[in-house]
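Below: the structure, in structure tokens.
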Amino acid sequence: MASELVYLLEVNAGLVLFYVFYRLFCVSDTFFVWKRFVLLSFVAASFLLPLADVKWPAPGIVSSPVADYMSAFVLPEAVAEASAPSDSAPFPPVVSALVLLYVAGLCLLALRMIVRLGSVCRLLCLSSPGSLHGVNVRFLSEPSGPFSFFGWIFVCRRDVEASDEEEVLAHERAHVRQWHSLDVLLMEAVTAVCWWNPFAWLLRREVCENLEYLADRSVLESGFPVRKYQYHLVELASRPSGTGITNHFNLSYLKKRIIMMNKKKTSRAGYFKYALLAFPAFALLMLGNMSCTSEKKQADESVTEQTAPASEPVQAPADTPAPAETEEEVYTVVEQMPEFPGGVQKLLDFISQNIQYPQTAMKQNVQGRAIVQFVIEKDGSLSNFNVLRSVHPDLDAEAVRVVKSMPKWKPGMQKGEPVRCKYTLPVMFKLQ
């Protein structure tokens, strides 16, 4: 549960960062289509970037990209599984109360969204189909301002004068053609998940405003007079509208819409400032990785037994005789690669039967892939053990211990002669 709470906090921090960036640099632009893409990208990035786990290289640690590729896609992977401990520490009462409050708010807003969808379905059943200036619409019997939802346009003909019908249809058809209802539903879901964050609601308002700017531009590009259309907006501003998840013809931000209609188009040079988006995105990425690093650091500090660091080779025991050919070349790829007695499946079976999940790592809920590299000598013995990728000191040490306990291998062959050869073995530690 703690990781879910941290993720939720990072998502909301992302919404704050991106909203502030939008207000500082983008809000006054007339790139309405581009702004729609940017706003939706803000939402996607806020939810996806905290999930990215970037491995920042630590000083003094040399990682082999070829070894990483081989371990992920070519080499067999041994898996060590264990059941996660159930005696996790409970949350403090204040945190538990806040979690319950959050879940209650989420359920209420989800219920509101369902009720609004039901209201649209009700209007769809009560309205009668018809055609207005060659456009398929749904005629409402109750007084209501015009609105649209996905492919349906709802109009109460008594509330729209005949001279204004074409403007209304042009506006709503723009919402329908450009699938603006998807944006509205997405932001409804986002505000339900992040209901306690005021910046989520502010970002939702920006999305809805921009959709109206797009529809207004479509009306004006159709050839309707600007002044007449603006007077029509003022006239409709006081009339009731549809449900909260529909695209209304008379949204409350009327003054901003009129200002945008009269605003001079932003120069194309204004596109360059959107490159600054990399800064809030990088900040959110760093924030997500800082939380992961902090958790791992706390786990490492609580380990009582000292183990060899992953950045240095784990040496063989002192009583193991050093190979005579220490100066000979060590191959990475040979004509005939080394082989465990019995083949790959026997290798995986050996590791699964002999590996033991460290209790300290189990209690800390630590899991991941440790990559161990070693040298197979000419006589099949193993030496020069090294952890290429570390997960946790205890997990690294256990992976090395099991590898050291393996019997002699069939050595690698090059031009018919046995040679020293490196071998990389990934060991996956997984808690069920």
Side-chain angles (χ1 to χ4, degrees), residues 4-29 32 34-50 97-120 145 147-150 175 178-216 237 240-257 259-260 277 280-281 283-284 287:
E4 286 82 358
L5 292 177
V6 171
Y7 170 72
L8 187 62
L9 291 175
E10 291 173 353
V11 168
N12 283 273
L15 294 176
V16 173
L17 285 174
F18 287 124
Y19 176 79
V20 171
F21 175 88
Y22 181 83
R23 291 295 303 181
L24 289 176
F25 299 104
C26 312
V27 69
S28 60
D29 292 345
F32 302 133
W34 176 245
K35 284 167 64 176
R36 181 189 182 189
F37 170 78
V38 168
L39 286 167
L40 296 181
S41 298
F42 287 167
V43 176
S46 298
F47 280 86
L48 295 179
L49 284 181
L98 291 176
V99 171
L100 290 176
L101 179 62
Y102 167 75
V103 173
L106 175 62
C107 293
L108 286 175
L109 288 174
L111 180 62
R112 187 189 72 162
M113 187 175 177
I114 294 173
V115 170
R116 287 180 169 181
L117 287 172
S119 299
V120 175
F147 63 94
S148 62
F149 186 69
F150 284 99
H175 285 309
Q178 299 173 22
W179 293 88
H180 290 175
S181 295
L182 286 176
D183 301 43
V184 176
L185 282 179
L186 173 64
M187 295 312 300
E188 282 286 325
V190 170
T191 51
V193 173
C194 307
W195 61 267
W196 55 274
N197 183 1
F199 290 91
W201 296 92
L202 293 173
L203 193 61
R204 174 183 179 272
R205 186 184 67 181
E206 296 294 342
V207 170
C208 293
E209 283 184 1
N210 192 65
L211 296 180
E212 292 304 315
Y213 299 155
L214 284 167
D216 291 339
S241 59
T243 61
I245 59 173
T246 57
N247 299 294
H248 308 155
F249 187 79
N250 53 323
L251 286 173
S252 59
Y253 4 88
L254 180 58
K255 183 178 179 180
K256 293 182 180 179
R257 291 172 61 184
I259 291 174
M260 279 296 182
L277 271 172
L284 183 58
L287 180 64

Next item on the list: Report the C-alpha distance between Y7 and F47 in whole Å, list the side-chain angles of each, state the deciding distance to 0.1 Å, and finish with yes or no for side-chain contact (heavy atoms from CB on, under 4.5 Å).
Entry: CA-CA 9 Å; Y7 170 72; F47 280 86; 3.7 Å; yes

Next item on the list: Could you list the residues that satisfy side chain to side chain donor-acceptor pair (under 3.5 Å) with T191, not counting sequence neighbours?
Entry: none

Next item on the list: With sequence neighbours left out, write down each residue that passes side chain to side chain donor-acceptor pair (under 3.5 Å) with N12, or none if nothing qualifies.
Entry: N197

Note to self: Testing the basics here: between H175 and S148, what is the closest heavy-atom pair and its distance to 0.1 Å?
What the structure shows: CB-OG, 3.4 Å

Checklist line | Euclidean distance, L203 CG relative to C194 SG, rounded to 0.5 Å | finding: 10.0 Å

Notebook entry, point to check: Looking only at heavy atoms, what is the nearest atom pair of G14 and S46, with distance?
Noted result: C-OG, 3.4 Å

Check: When you look at R204 and E188, which way does the salt bridge (charged side-chain N to carboxylate O under 4.0 Å, His left out) test go after all the steps?
Finding: CA-CA 8 Å; R204 174 183 179 272; E188 282 286 325; 2.6 Å; yes

Notebook entry, point to check: Can you tell me if Y22 uses its side chain to pair, donor with acceptor, with the backbone of E206 under 3.5 Å?
Noted result: no

Item checked: Distance, nearest 0.5 Å, that separates SG of C26 from CZ of F21 -> 4.5 Å

Item checked: Residue list, side-chain contact (heavy atoms from CB on, under 4.5 Å) with L109, at least two apart or on another chain -> R112, A192, W195, W201

Note to self: Is there a side-chain contact between L186 and V207 in this structure, where contact means two heavy atoms from C-beta onward sitting under 4.5 Å apart?
What the structure shows: no

Next item on the list: Check step by step if side-chain contact (heavy atoms from CB on, under 4.5 Å) holds for R205 and L202.
Entry: CA-CA 5 Å; R205 186 184 67 181; L202 293 173; 4.0 Å; yes

Next item on the list: Quick one: pull up CD in E10 and CG in L5 and give me the separation to the nearest 0.5 Å.
Entry: 11.0 Å

Check: Between A189 and M113, what is the shortest heavy-atom contact and its length?
Finding: N-SD, 4.4 Å

Notebook entry, point to check: Are F150 and L182 close enough that some pair of their side-chain heavy atoms sits under 4.5 Å apart?
Noted result: yes

Notebook entry, point to check: Between OH of Y19 and CG of L39, what distance do you get to the nearest 0.5 Å?
Noted result: 10.5 Å

Notebook entry, point to check: Can you name the nearest heavy-atom pair linking L15 to A200, along with the distance?
Noted result: CD1-CB, 4.0 Å

Margin query: What's the separation between atom CG in L211 and atom CG in D216, rounded to the nearest 0.5 Å?
Written below: 11.0 Å

Next item on the list: Looking only at non-hydrogen atoms, find the nearest pair between P50 and A45 and report the distance.
Entry: CD-O, 3.8 Å

Next item on the list: Write down the atom of R36, the atom of L214, and the distance for their closest heavy-atom approach.
Entry: CD-CD1, 4.0 Å

Notebook entry, point to check: Hey, are the side chains of Y102 and L8 touching, using non-hydrogen atoms and a 4.5 Å cut-off?
Noted result: yes

Note to self: Under the criterion side-chain contact (heavy atoms from CB on, under 4.5 Å), I'd like the reasoning laid out for L185 against L117: C-alpha separation, chi angles, the key distance, then a yes or no.
What the structure shows: CA-CA 10 Å; L185 282 179; L117 287 172; 4.2 Å; yes

Margin query: Taking K35 first and then D29, would you say they form a salt bridge - that is, a charged N and a carboxylate O separated by under 4.0 Å?
Written below: no

